Protein chains: 2
Amino acid sequence: MREKLEKYFSYVFEKELIDEIVQVGVYKKLRENEILVDLGDKMKGIPLLLEGAIKIVREDKNGEEILLYFLERGDTCASSFASAITNGKCGIRATAEKESEIIFLPKEKLDEWMVKYKSWRTFVIDSYNIRLNEMMETIDSLAFMNMSERLYKYLTDKAQIMRETSLNTTHQDIAYDMHTSRVVISRLLKQLENEGKIKLHRNKIEILEF
Amino acid sequence: MREKLEKYFSYVFEKELIDEIVQVGVYKKLRENEILVDLGDKMKGIPLLLEGAIKIVREDKNGEEILLYFLERGDTCASSFASAITNGKCGIRATAEKESEIIFLPKEKLDEWMVKYKSWRTFVIDSYNIRLNEMMETIDSLAFMNMSERLYKYLTDKAQIMRETSLNTTHQDIAYDMHTSRVVISRLLKQLENEGKIKLHRNKIEILEF
DNA sequence: TAAAATATGTGATTTAAATCACAAAAAAAA
DNA sequence: TTTTTTTTGTGATTTAAATCACATATTTTA
């Protein structure tokens, strides 16, 4: 745990803070598709992502989903922070897109560290800012882009986060994330393939152009 | 200034913090439609809204707009906070929807107060959380609601923020905020009027049902 | 008061996306 | 190997929203 923490956080956190995190943090491995946070959960702490990729989705009353953004290593979940601090419920679902490793930080420390460590304050504020910007990008996509553009952005964004040039996914899964229908996705994917931007396989999409 | 600050913030901030704000804060009155923050601005501080209502919009490369949310008294602008702290550019435009009063807080104090005042930490984190939730609501609207539902939500939300039951606005202005066309808005408004939810006048919409 | 600008109303048409319906290929299970 | 399930492909139709085109109020200003 200390090893990975130092690998990704040594230039973010002071040594003393890393020491504290090692003491109170709880290491956890998530298998692919494991749910880390569900709708309505009350968080007793916040996760620090050491390795892997986490998908954050929003769900409405009818059970329909829309992807908000992905987390990658070095990130934390701003919604969890909110929930932990205010004792409120979490409005999102977080699912591991691949095997991931996290450190769970108990909520009692969150405010204490704000006073003690400049690097922690910076990290928390930066996390919120990054998340606000991601949300704005999501809003931009929904408001200003057509399905084909959104789809291409989805594919390239996800490939980046997953650190792969091919995605192992089905048309139906993409449709769920983008809150549309499988038929629409299949047609647009075929179109992107004809434009030479991607190559389609069963359960797999190769991205040829970024 | 002290008077209004105490009126809305005495139960939010400690007395010592209010004293400091009075010392370093710069009071400013905004007239209707005045631009407080524009795209690409670098913020030298953050505004604290004492009175009035501020509209926050996002703009894409083609100059097309979409409303993100409104601020009301007691609120601050999380994007400005981000911009002030990181010295980065602001990705939004903030416009006074009616005459408003703000206090401008210099960025040098923002981090200092995080260490000194528990109430400031709570205020900052709460502000971010409220904004994240607003953004999620905006995403919900875009992803899950049809135009008619979005329009009705827009009208009732805005009326609430403006503390009025009628809105002085044109169909075109609504269309800009919702990133659609005037014709679409005019038709849907007429439909809402037929359902008895609103009453239409020139330059004015009465909301009959909340 | 006449002309111009602004705001709203409404039919007709187009378009992107959603939906329906079904076929076929590939993989998994029996 | 046969059957079943999962995944993908594609024509046809429907629908919400966008766009075009123009009429008619209402207000402003020349």
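Residue numbers start from 1 in every chain, and the chains themselves are labelled A, B, ... in the order their sequence lines are given, proteins ahead of strands. Quick caveat: nothing in here was measured; it's all calculated off a predicted structure.
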Are B:Arg2 and B:Glu6 close enough, and set up right, to give a salt bridge (charged side-chain N to carboxylate O under 4.0 Å, His left out), and what steps lead you there? CA-CA 6 Å; B:Arg2 159 153 245 133; B:Glu6 281 180 344; 3.4 Å; yes

In whole angstroms, how far is the [atom2] atom of [N] from the [atom1] atom of [X]?
X        : N      : atom1 : atom2 : result
B:Lys199 : C:dT8  : NZ    : P     : 14 Å
A:Leu200 : D:dT10 : CG    : P     : 11 Å
A:Asp173 : D:dT7  : CG    : C1'   : 11 Å
A:Leu142 : C:dA17 : CG    : P     : 12 Å
B:His201 : C:dG9  : NE2   : C1'   : 16 Å
A:Arg187 : C:dA21 : CZ    : C1'   : 11 Å
A:Met147 : C:dT15 : CE    : C1'   : 14 Å
B:Ile198 : C:dT8  : CD1   : C1'   : 13 Å

Most 5' of B:Leu188 and B:Arg182 on DNA chain D, judged by nearest nucleotide: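 Mapping each residue to its closest nucleotide by heavy atoms, the 5'-most match is B:Leu188.
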
Should the side chain of B:Arg202 and the base of D:dT27 be counted as holding a donor-acceptor pair, with the cut-off at 3.5 Å?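 No such pair is found, so the answer is no.
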
Taking all non-hydrogen atoms of both residues into account, name the closest pair between A:Glu97 and A:Phe70 and its distance.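 Shortest heavy-atom separation between A:Glu97 and A:Phe70 comes out as CG-CE2, 3.9 Å.
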
Do B:Ile174 and B:Leu155 touch side chain to side chain, with heavy atoms closer than 4.5 Å?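 They are in side-chain contact.
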
Taking the side chain as everything from C-beta on, heavy atoms only, tell me whether A:Ser79 gets closer than 4.5 Å to B:Met136.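 Yes; the side chains approach each other to less than 4.5 Å.
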
Hunt down the Watson-Crick or G-U wobble partner of C:dA30, both distances under 3.5 Å, from any strand shown, or write none.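 Across all strands, the one nucleotide that pairs with C:dA30 is D:dT1.
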
Checking all strands, does A:Ser181 fall into the base, sugar-phosphate, or nothing category for heavy-atom contacts under 4.0 angstrom?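 Base, at least one base heavy atom under 4.0 Å.
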
If you find the nucleotide of DNA chain C closest to B:Val183 and the one closest to A:Asn203, which residue's nucleotide is nearer the 5' end?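 So the residue in question is B:Val183.
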
Between A:Val184 and B:Lys190, which residue's closest nucleotide on DNA chain C lies nearer the 5′ terminus?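 First, find each residue's nearest nucleotide; the 5'-ward one identifies B:Lys190.
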
Short side-chain N/O contact from A:Ser186 to OP1 or OP2 of D:dT7, under 4.0 Å: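 For A:Ser186, the contact criterion (side-chain N or O under 4.0 Å from OP1 or OP2 of D:dT7) is not met.
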
Verify ring-ring contact (aromatic ring centres under 6.0 Å, His included) between A:Tyr128 and A:Phe81, making sure each step is shown before the conclusion. CA-CA 9 Å; A:Tyr128 271 113; A:Phe81 200 94; 5.8 Å; yes

